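Before any comments, here is the structure.
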Amino acid sequence: MVKINKQIIKINEENAFSNVSKLVDEYKQKHPDCDIISLGVGDVTRPIVMPVIEAMHKAVDDLASEETFKGYNADGYDFLKTTILHNNYKDLGFTNEEIHISNGTKTDATSILELFDINTKICVTNAMYPVYMNGANILNRKIAILNAKEENNFIPNLPKEKYDIIYICSPSNPTGIAYTYEELKKWIDYAIKNKSIILYDNVYASFISSKNVPKTIYEIDGAKQVAIEMNSFSKMASFTGLRCSYYIIPNEIYKDINKIWKKRITNRFNGTDYIAERGAEAVYLPESQALIKENMLYYKESIKRLKECFIRLGFTVYGGIDAPYIWVKIKENIKSWELFDLYLEKLNIIIIPGIIFGNDNYFRVSGLGKRSDIDKAIERIMKYYEK
Ligand code: PLP
């Protein structure tokens, strides 16, 4: 038998989202009549806004005529690249060569490692989106975990040692906390000093409302020398089932870096689809932006209500201001899977155990669900703790 990649076999399924689904399914089989509410969802629930849907209908029609038909396009269409740069990176001087269109940040966050030598030292911060670590492990990369402390608001201290690649997720999944200009500047200075690269996952940027939090890392001096920013239309425009993302590799990072990466793209990827790209372009229409803003406010109101509920009950709670998640410290003297069981059994509510993200003393609560479910969940939680 040909040897299988051990690194995939080693991935811990016990502490994974798949285990949450498995346990919930088992519980539902035993209790078919129970009304379970998920506060675990990382997926969005608002539908795609109408101007985007209309643009995609038109794109479908384009495929039906010889004059407008579209086939392969590995790196994305210029109409979308130009639109993103104009709207999200205005006056930052990027060219279309420096932005790449893809099919999701989950893909991009690991694929980008192929740009760098196999011996690069990578670091992720705890608590983290587990895909960074599992993805790097699958590619057999060396990866270290930097623990971020509660007293530092879950923003890690700069390491004494040198790492080549640092993953930063801001606003963060799971903590819901965003790096401020000042905090991010320290990491950029570290990266410049150590000749490191920051892989900046910015998929929750559309939730940012704090004035001291940058919408893109490139707002900060020096970032163009050291940072690759990744973002997607998943959370902002409900593209989780549609798939369209982008990332920026500034030419300043390294001579001909985008020419080198182009070789990788053309040999390993055939692009995301034309319909999704036309839809993504329409996300920036003023009429779409107004509706998307309403969706963001909807999620933000939901997470605010959840945050207030846990605070009222005496929990220590982080996040929920610039992201749709809160990170809640467990009050009971139990670990996060036990808390998951307790919520499922006593409250019929799903939360995500913190250990999935690397911290067993916390749990993640999401505001991405339906408002009616969230309000019902709040009622159950209040009743449970106040009795
Ligand atoms: N990055 C983070 C931090 C996420 O939380 C998620 C999804 O939950 C993704 C990336 C995946 O994004 P995409 O749908 O663009 O693959």
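Read the numbers this way: they start at 1 and go in the same order the structure lists the ligands and their atoms. Everything numeric here is computed off the predicted structure, so don't read it as measured data.
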So is R46 actually on top of Y299's ring, under 6.0 Å and inside 45° of the axis?
no

Where on V203 is there a heavy atom closer than 4.0 Å to ligand 1, on the side chain, on the backbone, on both, or on neither?
side chain

Number the atoms of ligand 1 from 1 as they appear, then name those within less than 4.0 Å of a heavy atom of N173, with their elements.
3 (C), 4 (C), 5 (O)

Write out the residue and atom name of the closest protein heavy atom to atom 1 (N) of ligand 1, then the distance separating them to 0.1 Å.
D201 OD2, 2.6 Å

Can K162 and D164 be counted as an ion pair, charged N to O under 4.0 angstrom?
yes

Walk me through it: do I330 and E338 pass the test side chain to side chain contact (heavy atoms under 4.5 Å, CB included)?
CA-CA 10 Å; I330 300 174; E338 289 171 79; over 6 Å; no

Backbone or side chain, does any N or O of Y325 fall under 3.5 Å from an N or O of ligand 1?
no

Please state which part of Y204 comes within less than 4.0 Å of ligand 1, counting heavy atoms only: side chain, backbone, both or neither.
side chain

Can a donor-acceptor pair be found, under 3.5 Å and without considering hydrogens, that links the side chain of R364 to the backbone of I352?
no

Could you tell me, atom by atom, which parts of ligand 1 come under 4.0 Å of a heavy atom of C169?
3 (C)

Tell me if the CD atom of E161 is crowded by more than 12 foreign heavy atoms within 6.0 Å.
yes

Taking NZ, NE, NH1 and NH2 as the nitrogens, is one of them in E98 or K81 under 4.0 Å from a carboxylate oxygen of the other?
no

Show which atoms of ligand 1 fall inside a sub-4.0 Å distance from at least one heavy-atom site of G104.
15 (O), 16 (O)

May I ask you to decide if the ring planes of F233 and F239 are parallel, tilted or perpendicular, using 30° and 60° as cut-offs?
tilted

Do the rings of W337 and F340 sit parallel, tilted or perpendicular, given the 30° and 60° boundaries?
perpendicular

Within the structure, does S245 bring an N/O atom to less than 3.5 angstrom of an N/O atom in ligand 1?
no

I want to know if ligand 1 touches Y132 in the polar sense, i.e. an N/O pair below 3.5 angstrom.
no

Atom 8 (O) of ligand 1: nearest protein contact (heavy atom, Å):
K235 NZ, 2.8 Å

Could you say whether the N/O atoms of Y129 and ligand 1 ever approach to under 3.5 Å?
no

Do any nitrogen or oxygen atoms of S234 lie less than 3.5 angstrom from nitrogen or oxygen atoms of ligand 1?
yes

Considering non-hydrogen atoms of the protein only, which is the closest contact for atom 16 (O) of ligand 1, and what is the distance?
R243 NH2, 2.7 Å

Salt-bridged, R305 to D375, with N to O below 4.0 Å?
yes

